[in-house]
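In what follows, a single structure is set out as structure tokens and then discussed.
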Amino acid sequence: MGLGISWVTAWVDDTVTVVSDNRVRLSELDREIGDGDHGENLDRGFTAVKAKFDGLAADTSPGAALKLVATTLISTVGGASGPLLGTAYLKGAQALGDATELDSEQLVAFLTAARDGVVMRGKAEIGDKTMIDAWTPAVDAASAAAAEGKSPSAVLRAAADAAIAGAASTEPLVAHKGRASYLGERAVGHRDPGAESSSLILTAAADAAEATES
Amino acid sequence: MGLGISWVTAWVDDTVTVVSDNRVRLSELDREIGDGDHGENLDRGFTAVKAKFDGLAADTSPGAALKLVATTLISTVGGASGPLLGTAYLKGAQALGDATELDSEQLVAFLTAARDGVVMRGKAEIGDKTMIDAWTPAVDAASAAAAEGKSPSAVLRAAADAAIAGAASTEPLVAHKGRASYLGERAVGHRDPGAESSSLILTAAADAAEATES
Amino acid sequence: MTRLWNDPQRFVDEMIDGFALANAGYVRKVRGGVTRSTRSPEPGPSLVIGGGSGHYPAFAGLVGPGLAHGAAMGNLFASPSTTQIESVIRASDRGDGVLLSYGNYAGDVLNFTAAQEAVRADGIDCRTVLVTDDIFSAPPDARDTRRGIAGDLTVFKIAGAAAEEGRSLDEVERVARQGNERTRSMGVAFTGCTLPGADEPLFSVPEGRMAVGLGIHGEPGIDETDIPTAEGLAELFVEHLLSPGEIPDGVTIDGARCVPILNGLGSVKSEELFVVYRSLALLLGERGVTLVDPQVGEFCTSFDMAGASLTLLWVDDELEGLWTAAADTPAFRRGS
Amino acid sequence: MTRLWNDPQRFVDEMIDGFALANAGYVRKVRGGVTRSTRSPEPGPSLVIGGGSGHYPAFAGLVGPGLAHGAAMGNLFASPSTTQIESVIRASDRGDGVLLSYGNYAGDVLNFTAAQEAVRADGIDCRTVLVTDDIFSAPPDARDTRRGIAGDLTVFKIAGAAAEEGRSLDEVERVARQGNERTRSMGVAFTGCTLPGADEPLFSVPEGRMAVGLGIHGEPGIDETDIPTAEGLAELFVEHLLSPGEIPDGVTIDGARCVPILNGLGSVKSEELFVVYRSLALLLGERGVTLVDPQVGEFCTSFDMAGASLTLLWVDDELEGLWTAAADTPAFRRGS
Ligand SMILES: Nc1ncnc2c1ncn2[C@@H]1O[C@H](COP(=O)(O)OP(=O)(O)O)[C@@H](O)[C@H]1O
Ligand SMILES: Nc1ncnc2c1ncn2[C@@H]1O[C@H](COP(=O)(O)OP(=O)(O)O)[C@@H](O)[C@H]1O
Ligand SMILES: [Mg+2]
Ligand SMILES: [Mg+2]
Ligand SMILES: [Mg+2]
Ligand SMILES: [Mg+2]
């Protein structure tokens with residue numbers, strides 16, 4: 001019961017919606033400790049992804065579709081989140097090869113490669129108050145769930161829940177990467193916008209998987 | 001019972017006070033149909049006059065003292081009101097020659113020459129919504145009062161009262177000179193700031209004369 | 001809103017000091033304003049410009065080779081006094097006469113004229129060309145009563161280039177007059193500006209509205225509309241500036257060559273001006289106008305007023321050559 | 001507040017169109033930004049700069065002979081994307097390598113680095129010198145993590161002049177790095193700026209207060225004080241920029257030569273800047289600093305943010321020569 005291209009397209013659709021619904025809130029978070037454009041950056045990127053997906057052939061592999069997400073984000077977003085998320089999708093897609101149905105292990109491989117891509121580009125560690133604080137717990141929770149034999153959608157749900165907790169965990173932190181790192185103690189008490197958006201994106205992945213499976 | 005140098009210095013003192021007290025109001029009038037600086041322009045000018053007068057020799061003639069007012073206004077005010085009022089004092093002073101005590105006829109000659117100086121420089125006619133709408137009625141009222149044999153202070157009071165009425169008469173007018181002339185009908189309903197300030201200056205002249213005489 | 005000052009009374013003096021310190025290679029402070037710091041060895045007529053302060057780079061920013069020889073600098077939005085102007089004329093004169101050029105405002109006319117009379121009395125051949133570019137300040141048949149706004153720059157540049165070429169005062173005066181004949185402007189604003197130490201702006205425009213045809217000293221506009229789009233503003237500019245009464249004698253729109261100057265009054269930034277310029281270029285192109293050497297930026301400001309103006313200089317060959325000639329001043333530089 | 005736009009989504013595209021139309025003699029639009037419209041016949045290294053839009057004249061206004069060869073132009077306050085940067089690099093390359101220079105921000109570093117990798121894979125020798133002038137963004141011992149603000153101009157100018165002289169990429173990189181070593185800036189602001197179509201400013205400063213050490217994208221300041229006098233602001237700038245930890249290696253304040261750049265962020269106007277500059281010149285003069293070729297105006301803005309920054313470039317003979325070399329771009333021009 002793996003996840004195929006219909007999951008990827010559903011994930012993209014849900015992401016477009018959730019990013020657009022949270023555009024103002026994400027920019028608000030970014031205004032507090034950054035430059036106030038994170039919501040707009042992602043919204044611009046995923047709107048472009050949606051346009052590309054409109055003409056997608058039905059037999060495209062998940063890997064190929066996710067690579068399209070990657071290249072579109074890289075070419076349209078700019079800002080820090082563009083290359084970071086773009087690289088996440090790119091490296092994740094490469095880990096999938098030509099597979100048409102993704103099982104739990106493949107999803108863990110996807111998430112791990114995606115997270116490693118963000119680290120490769122951004123050099124952030126856990127606790128630096130970046131999107132990595134959402135991604136790394138998500139990867140860990142997904143591996144644990146897969147090791148317990150959970151279904152693909154349950155693996156993604158575990159990742160999503162861990163990402164949500166991870167995003168919340170950024171609030172008390174001082175930042176060491178990104179614009180917020182210039183603020184020192186003034187960043188304390190504010191949630192990192194990139195961690196928050198990553199938790200939304202991973203939640204969309206789980207929602208889409210549950211809808212696709214059922 | 002003519003007016004001497006003590007009248008001139010009292011007039012300058014009163015003018016300094018009245019201009020400073022009305023600075024905001026005059027600029028307010030100018031804001032409505034001009035560029036909002038008439039109060040500041042006059043305040044700057046008369047503050048400079050006051051500084052010059054501080055060292056004035058007690059035996060200076062009225063004409064020489066009024067010439068000092070003129071040159072100070074010309075060199076410090078700028079704006080339309082600087083050369084206009086400066087010329088008024090200059091031409092008025094020239095009409096006085098070396099006289100040390102001014103009688104009613106000399107005051108009429110002073111006011112007439114002053115008004116003519118403004119017309120020479122500014123080419124405004126009565127009804128153009130300028131300071132001339134205060135000066136010309138003032139000159140006419142002063143001549144009438146002098147012809148009736150009124151005292152110097154009564155002549156100045158007649159001039160002042162006519163100037164006040166003249167300033168009020170500018171309200172319904174469209175302007176034909178100065179910045180307000182660019183506004184067409186939009187200037188209607190607003191009092192001309194230069195006419196208003198001229199009425200204040202002429203009232204100060206009458207006040208100073210009454211105080212000096214008594 | 002102005003925030004940085006020490007004492008409002010000393011603002012202009014300190015501003016002139018700072019300007020002269022920062023531009024010592026270009027200007028020298030004299031009583032009443034500035035003149036060029038280097039006197040050219042050749043004789044020739046001088047161009048003296050000026051007006052109230054608060055419009056930088058007009059007027060002091062335009063003093064230097066290829067442009068003005070001196071600028072009289074008045075108080076904020078107030079004409080320089082007669083004495084100040086006289087002093088700048090005398091410091092700038094090179095012995096072959098002086099052309100005075102400035103925007104047509106009662107205060108400036110009174111003071112410059114009095115100064116002109118004073119130096120003429122000493123034998124200096126001193127003439128005047130008034131700038132009267134603002135189409136909203138009087139109808140076309142009363143063009144010579146119009147006030148001067150950003151079109152100052154075209155007249156000054158043309159006169160300055162002619163003086164630099166070594167032309168006679170007669171010639172400099174002639175081309176300056178021709179430049180003014182060929183220049184038309186109009187302005188709009190969204191907010192007023194607040195002078196140093198003042199509690200209130202000089203005027204205000206309701207939120208979301210735009211004053212049309214206002215002056216650069218906070219003189220109220222003639223009309224008021226909702227704020228248009230950038231394209232809508234470009235259309236408004238073109239509609240008024242290309243209306244039949246505003247096309248100078250000898251110009252046919254289709255096929256004409258024209259220098260557009262899209263001027264920010266203070267708080268409207270270059271990014272917005274470029275968006276407006278894009279539409280202007282399209283609209284003027286559609287009408288068959290060839291745009292020559294466009295200028296987009298700040299040329300005649302009104303402190304931090306949010307607003308913009310468009311100036312069109314309809315060139316002939318002579319004016320185009322003078323407009324595009326080299327100039328090197330604190331705020332206007334171009335190679336030859 | 002931004003008022004003139006058609007569609008906020010198209011703002012940057014239309015701005016680039018308008019900019020390129022108005023400056024066709026200088027630049028040519030390419031995917032992702034602009035390059036010089038005239039390619040110099042001689043080979044040599046190219047300088048590619050860039051960053052988010054909304055900082056005009058940074059970055060596109062600095063493309064032309066003696067300065068940059070190309071500028072990548074991102075969305076408002078957002079780094080250009082990797083693809084955009086790559087496209088501008090390829091369009092600007094003259095076959096002898098490319099130096100990338102831009103302000104140190106996570107987004108820019110990520111995107112420029114990815115683009116650099118991509119063109120290197122095709123054999124283009126592509127290097128990077130980050131600008132890290134903002135002293136308020138990290139302590140002196142973490143200087144290389146500081147962000148870049150108006151000091152961009154000094155590094156770009158030095159690198160551009162070296163490239164124009166025909167120096168090798170190694171040399172251009174070396175002097176750019178040396179320029180950055182010798183550049184320090186700090187900024188203050190009184191209001192935030194509102195992007196096209198946004199309802200609220202990116203940040204706000206309480207009325208009568210001044211944010212100290214803020215970034216040029218609305219990143220909050222480090223400190224807040226009452227608005228000082230112009231002189232008080234000059235003292236604040238000098239106190240911080242002349243503190244011992246900020247004097248570059250090899251510089252002794254007394255006797256040093258230094259280029260000051262007093263930069264308006266958008267709504268603080270030249271008149272106010274000149275008043276501040278007057279005090280700066282006095283204070284720096286008292287400390288024995290010789291000021292070279294001062295710049296007062298807008299060099300790196302933040303839309304219509306009301307604020308100002310001071311940049312000091314501590315020159316040696318080589319840097320002074322490169323700084324004062326001729327340049328001819330839409331927004332920065334000087335004769336040789
Ligand atoms: N080096 C980094 N590693 C991981 N994430 C980063 C890094 N730098 C920034 N981020 C993430 O990017 C987010 C900001 O993205 P965005 O606002 O779109 O870009 P920008 O900061 O360029 O405006 C931050 O909230 C943070 O999560
Ligand atoms: N040509 C003129 N003749 C007479 N008075 C004039 C003329 N032009 C302007 N004024 C007077 O000058 C006043 C404005 O003075 P002021 O505000 O000080 O100068 P400015 O208009 O240069 O700012 C007007 O209210 C008007 O009374
Ligand atoms: Mg951001
Ligand atoms: Mg006035
Ligand atoms: Mg005035
Ligand atoms: Mg950003």
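Numbers restart at 1 for each chain; the letters A, B, ... are given by sequence-line order, proteins then strands.
The two residues D/Ile227 and C/Arg3 make their nearest non-hydrogen contact at CD1-CD, 3.8 Å.
Heavy-atom distances place the side chain of D/Ala281, and not its backbone, under 4.5 Å from chain C. Heavy atoms closer than 4.5 Å to chain D are found nowhere in C/Val12, neither backbone nor side chain. Using a 4.5 Å cut-off between heavy atoms, D/Leu21 contacts chain C through both its backbone and its side chain. Looking at C/Asn23, only its side chain comes within 4.5 Å of chain D, counting heavy atoms on both sides.
In C/Glu320, the CD atom is crowded: over 12 heavy atoms of neighbouring residues, nucleotides or ligands sit closer than 6.0 Å.
With chain C as partner, the option from D/Pro294, D/Gly208, D/Ala60 having the largest number of non-hydrogen pairs under 4.5 angstrom is D/Pro294. Top candidate by heavy-atom pairs under 4.5 Å with chain D, chosen from C/Gly54, C/Ala24, C/Gly25, is C/Gly54. Across D/Leu280, D/Thr2, D/Asp7, the residue that shares the most heavy-atom pairs under 4.5 angstrom with chain C is D/Thr2.
Note: C/Phe303 CZ to D/Ser267 OG = 12.5 Å, rounded to the nearest 0.5 Å. Going from atom CE of C/Met15 over to atom CD of D/Glu271 covers 6.0 Å, rounded to the nearest 0.5 Å. Residue D/Arg333 holds its CZ atom at 7.5 Å from CZ of C/Phe332, rounded to the nearest 0.5 Å.
For D/Phe274 and C/Tyr56, the gap between ring centers is short of 6.0 Å.
Inter-residue side-chain proximity for C/Val275 and D/Leu4 is flagged as unmet; no heavy-atom pair is nearer than 4.5 Å. In this structure, the side chains of C/Lys269 and D/Glu298 come closer than 4.5 Å at one or more pairs of heavy atoms.
In this structure, D/Asp17 contributes its side chain and C/Arg278 its backbone to no donor-acceptor pair below 3.5 Å. Between the C/Glu272 side chain and the D/Trp5 main chain, no donor and acceptor come within less than 3.5 Å of each other.
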